[in-house]
Amino acid sequence: MSRPDLRARVEAARAQRERDGLLRRPRTCEVTPDGQRLVDGRTLVDFCGNDYLGLARHPDLMAALSRAAAVEGVGTGAAHLVSGHRGEHAALEEELADWTGRERAVLFSTGVMANLGALQALLGAGGLPGRGDALCVQDRLNHASLIDGAQLAGAELRRYPHADAEAAARQLDARPDHPALLATDGVFSMDGDVAPLAALATLCRKRHALFYVDDAHGLGVLGTQGAGSVAAAGLDATQVPVLMGTLGKALGTAGAFVAGDAALTEAIVQFARPYIYTTAMPAALAAATRASLRLVRADADGRREQLAANIARFRLGAGQLGLPVMPSSTAIQPLLIGPAEGALSASRALEAAGFLVVAIRPPTVPQGAARLRITLSAAHTPDQIDALLDALGRLPGPAGTAAV
Ligand SMILES: Cc1ncc(COP(=O)(O)O)c(C=O)c1O
C-alpha cells in the first residue's frame, strides 16, 4: 500500500515545530479570590489578558449569570434556528444593534465563528452560482479567523501591507469586475494600532466594496459609550456596513456578534454555517453580557478613563526606560523582541518577577517579530504597572539591546 500515512505527517510537522522552538502548550491558570492568576502554585499579575475594563469578575455580571441560569438552566440544548434562541438572546441582539447604531445584530458563540460565518455567508453567494468569484481584500495583519473566513467562502483573497490604504485600493482595482469585500481589524490584536478606518471607508465607497470591520479590541474601550474604533473614527453604518464585535474581551463574558443592515444580517442568518449548525450560547451568558453592556455604556465608575490613565502611565514609564514599545495608544502595548527565543526568555524572567506576560511567536506574528504582548486593564493598579515597568527595566533583552 503506497498511501502516505497521515499520522506520520502530522508527527513530522509537530517535530519540526519543536525543532524551531515554537511548540505551545496550554498552562492551567487558576484565579485567586482577588482576581490574580495562580500558575504552578505562584500568584502572578496578569498582563496578557483581554479583560480591558476588568469586568469579567464584576458582581453584576456574576449575579445576572446565576439568576438567568436558575431559570433557563445552563445549556440551551439547541441551535438558534431550532429551539435555542431565547428572550435573553433576542434582547441582547437588540441592545447590541442599538449600541453600535445598526439595524440588527446576530449572535455567535465565539469571535472566530462570527468571522468564519459572516465571511462565508457574505462572500459565498449562499451557494448560488457565482460562488468563488468574490474578492476579499484584507490587511496582512488581520486576525487568523478573517483570513480563514475568506478561504472558507472560496473567495479570492488578496492581502495588502499593514495599514496601507493605497495598497488596499490597488488590490480592489486588480479585480474591478468582481463583487468585493474589504475586511480589517479595527484595533490590531497583536500590534495594538488602529486601522486607517476613514481612508478605507472612502476607498470602499468609491470602489463599491463592502467594508467589514472586526472590532474585537476596540469595542467597550474606544469611542463614546465604548461603541468602538468605528464610532471613534466618526464613521457610521453607511460607511462601515458590517461590524463584528466580540464579547469575551472588554465586555468580560464570551461570544460575539455581527451587526449590519437588515439584508446583510438576514443573509448571515440564512447562510452562515457556524451560526446555523451549532448550539446557541447559554442564555445565562447573554444575560451576563446584557448586564455588562449596561455598565460599559454608562461607565459610571470611569473604567475607560482609568484604562486610559494606565496606558499613559505604562507608555511614559516604558519611554523613560527606552523599552521597544510599538506605536500603539490602545490597551495592547507590545514590546517587540524579534527572535522567538528572546521573547520566551523575557517572558520567563517576568514570570519569575511575578508577572504573567506570554510570549507571542510565529506563526501568530511574522517571522523575526516575536514579542511580549503586554495588555493593560482598568483593573490594574498604578503600583502593579510600576512594578511591571521595574521588572521590564531589569530584563537583559528589551530594556538593553541584546534581544531587540
Ligand atoms: C481581532 C480578533 N478577532 C476575532 C477574535 C476571536 O474572538 P474569540 O476569542 O471570541 O473567538 C480575536 C481573538 O483574539 C481577535 O483578536
Side-chain angles (χ1 to χ4, degrees), residues 100-103 114-116 118-125 130 132-219 222-223 227-245 258-261 263-265 267-268 326-330 366:
T100 57
R102 279 157 176 79
E103 287 178 12
N115 280 334
L116 293 180
L119 290 185
Q120 177 239 316
L122 297 174
L123 291 162
D133 77 345
L135 171 67
C136 187
V137 171
Q138 298 205 20
D139 190 293
R140 203 160 265 292
L141 297 189
N142 271 358
H143 192 261
S145 55
L146 288 169
I147 308 290
D148 294 351
Q151 283 167 347
L152 181 62
E156 181 186 358
L157 174 64
R158 295 180 77 100
R159 297 166 81 180
Y160 55 88
H162 180 50
D164 185 341
E166 282 173 20
R170 285 195 294 277
Q171 294 291 34
L172 284 172
D173 291 344
R175 295 279 185 273
D177 301 328
H178 293 240
L181 179 151
L182 187 150
T184 183
D185 284 18
V187 174
F188 286 89
S189 55
M190 296 298 136
D191 292 59
D193 57 331
V194 180
L197 294 171
L200 293 172
T202 302
L203 72 91
C204 283
R205 181 175 49 76
K206 286 189 180 152
R207 288 166 176 79
H208 197 57
L210 197 60
F211 191 22
Y212 181 116
V213 176
D214 169 342
D215 206 19
H217 300 278
L219 278 168
L222 302 177
S229 62
V230 170
L235 300 173
D236 61 19
T238 330
Q239 290 146 310
V240 181
V242 193
L243 177 66
M244 175 274 188
V258 181
D261 66 32
L264 292 174
T265 49
I268 289 169
M326 295 174 68
S328 158
S329 57
T330 67

- If you take all heavy atoms of A195 and T184, which pair is closest and at what distance? CB-OG1, 3.6 Å
- Item | R205 side chain to L203 backbone, donor-acceptor under 3.5 Å | no
- Verify, without hydrogens or angle tests, whether S328 (side chain) and T330 (backbone) share a donor-acceptor contact under 3.5 angstrom. yes
- Query: Between Q120 (side chain) and A150 (backbone), is there a donor-acceptor pair under 3.5 Å?
  - Reply: no
- Task: Begin with the C-alpha distance, continue with both residues' side-chain angles, and end with the deciding distance and a verdict on side-chain contact (heavy atoms from CB on, under 4.5 Å) for L122 and V242.
- Result: CA-CA 10 Å; L122 297 174; V242 193; 4.2 Å; yes
- Contact summary for D139 and L141, nearest pair of heavy atoms: OD1-N, 2.7 Å
Name the atoms and distances for all side-chain donor-acceptor pairs under 3.5 Å in residues 229-236, with sequence neighbours left out.
| from | atom 1 | to | atom 2 | distance (Å) |
| --- | --- | --- | --- | --- |
| S229 | OG | D215 | OD1 | 2.7 |
| S229 | OG | D215 | OD2 | 3.3 |
| D236 | OD1 | T238 | N | 3.0 |
| D236 | OD1 | T238 | OG1 | 3.3 |
| D236 | OD1 | Q239 | N | 3.1 |

- Query: Any donor-acceptor pair under 3.5 Å linking the side chain of D214 with the backbone of A216?
  - Reply: yes
- Task: Could you go through the side-chain contact (heavy atoms from CB on, under 4.5 Å) check for L200 and F211 one step at a time?
- Result: CA-CA 8 Å; L200 293 172; F211 191 22; 3.5 Å; yes
- Message: Restricting to ring-ring contact (aromatic ring centres under 6.0 Å, His included), what partner residues turn up for Y212, sequence neighbours left out?
- Response: none
- Message: Strictly distance-based, threshold 3.5 Å: is any side-chain N or O of Q138 a donor or acceptor partner for the main-chain N or O of L146?
- Response: yes
- Message: Please find the pair of heavy atoms, one from A227 and one from L219, that lie closest to each other, and give the distance.
- Response: O-CD2, 3.3 Å
- Separation between OG of S329 and CG of D193, rounded to the nearest 0.5 Å: 8.5 Å
- Side chain R159, main chain R140, donor-acceptor under 3.5 Å: yes
- Donor-acceptor under 3.5 Å (N142 side chain, A183 main chain): yes
- Message: Please enumerate all residues that pass ring-ring contact (aromatic ring centres under 6.0 Å, His included) together with H162, with sequence neighbours excluded.
- Response: F188
- Evaluate the side-chain contact (heavy atoms from CB on, under 4.5 Å) criterion for residues M244 and N115: first the C-alpha distance (whole Å), next the side-chain angles of each, then the deciding distance (0.1 Å), finally the verdict. CA-CA 8 Å; M244 175 274 188; N115 280 334; 3.5 Å; yes
- List the atom of L157, the atom of Q151, and the distance in Å for their closest heavy-atom pair. CD2-NE2, 4.1 Å
- Kindly determine whether R158 and R175 satisfy side-chain contact (heavy atoms from CB on, under 4.5 Å), including the steps that lead there. CA-CA 10 Å; R158 295 180 77 100; R175 295 279 185 273; 3.5 Å; yes
